[in-house]
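Counting begins at 1 with the first residue of the sequence. Just so you know, these numbers use all the heavy atoms, side chains as well, and skip hydrogens, waters and symmetry mates. Every value quoted in this text rests on a predicted model; they were computed, and no experiment measured them.
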Amino acid sequence: SIQAIWLHLCVFSTDISHLELRLFTLPARMGGMGVNEPVETARTAFITSRAYTDVIVTAIKGKGDFSVYDHSILTSLSEGKKRSIQRAVKGKTSIWLTVLPVSHYHFDLSPSEFRDALAIRYHQPLSKLPADCDGCGGEFTLQHAFDCRKGGLIIQRHNEVRDALGDLASTAFKDVIREPIVRDADPVRGLPALVADLGVRGLWA
């Protein structure tokens, strides 16, 4: 078989038994290598390839339009879900799904954060949302959480960006201060204290 010839010439120097060939077709997590026999999978692969490239072939022949974002699966979804996924694709905001969960770079999401991020990505309802907003008392939905000017999420999102910039700046500069006081409060003149978001000494903008 093609599988046996390839393994014999490129990987192993000895003959491979039929049982070992079956083992090598299994996924790596099950002790195999995921190396299938092309003769056995060729017909299924050909049919699948024809089905998935039909829209491209049609566009090349000038009989239809093609856009990489108008995948056949996406066109079958609701407008809200399709728009949410297209936003993630076009904005290239999917890398968090494949990076290692390194805590030093804040890539380690908690289980609830991971579930919420997936729900937002695929326009699914979030679980365990409070009924009312703690800021304005209105009905609490995902869109309301993004829009409410009285709740704590706007400040939280702002602080997350500030902290990310601060962590990045601290790798290049020694003196990085969060919320430095630019001007002390003046009770006599009724002026509040002036506090910046981030201070990086030695950085000129």
To the closest 0.5 Å, what do you measure between [atom1] ([X]) and [atom2] ([Y])?
X: Asp54; Y: Thr58; atom1: CG; atom2: OG1; answer: 4.0 Å
X: His144; Y: Cys136; atom1: NE2; atom2: SG; answer: 3.5 Å
X: Thr141; Y: Leu126; atom1: OG1; atom2: CG; answer: 10.0 Å
X: Ile85; Y: Ser94; atom1: CD1; atom2: OG; answer: 10.0 Å
X: Phe114; Y: Leu97; atom1: CZ; atom2: CG; answer: 6.0 Å

Determine whether [X] and [Y] make a side-chain contact, defined as any pair of heavy atoms from C-beta on separated by less than 4.5 Å.
X: Val161; Y: Asp197; answer: no
X: Leu165; Y: Leu198; answer: yes
X: Glu179; Y: Arg162; answer: yes
X: Gln124; Y: Lys81; answer: yes
X: Leu142; Y: Ile120; answer: yes
X: Arg87; Y: Thr93; answer: no
X: Leu100; Y: Phe107; answer: no
X: Phe140; Y: Leu129; answer: yes

Using distance alone, with no hydrogens and no angle criterion, decide if Glu40 and Asn36 have a side-chain donor and acceptor under 3.5 Å apart. no
Heavy-atom count check: over 12 atoms from other residues, nucleotides or ligands less than 6.0 Å from [X] [atom1]?
X: Leu19; atom1: CG; answer: no
X: Leu109; atom1: CG; answer: yes
X: Glu139; atom1: CD; answer: no

Side-chain heavy atoms under 4.5 angstrom apart, residues restricted to Ile, Leu, Val, Met, Phe, Trp, Tyr: same cluster for Leu191 and Val195? no
Under 4.5 Å between side-chain heavy atoms, hopping through other hydrophobics if needed: is there a path connecting Leu168 to Val102? no
For [Y], is there any backbone N or O sitting under 3.5 Å from a side-chain donor or acceptor partner on [X]?
X: Ser170; Y: Asp167; result: yes
X: Ser49; Y: Ala45; result: no
X: Ser110; Y: Glu113; result: yes
X: Ser84; Y: Arg121; result: yes
X: Thr44; Y: Thr41; result: no
X: Arg183; Y: Pro192; result: yes

Do you know which two heavy atoms are closest between Ala117 and Trp96, and how far apart they sit? CB-CH2, 3.6 Å
Exercise: identify the closest heavy-atom pair between Val182 and Ala196: CG2-CB, 3.8 Å
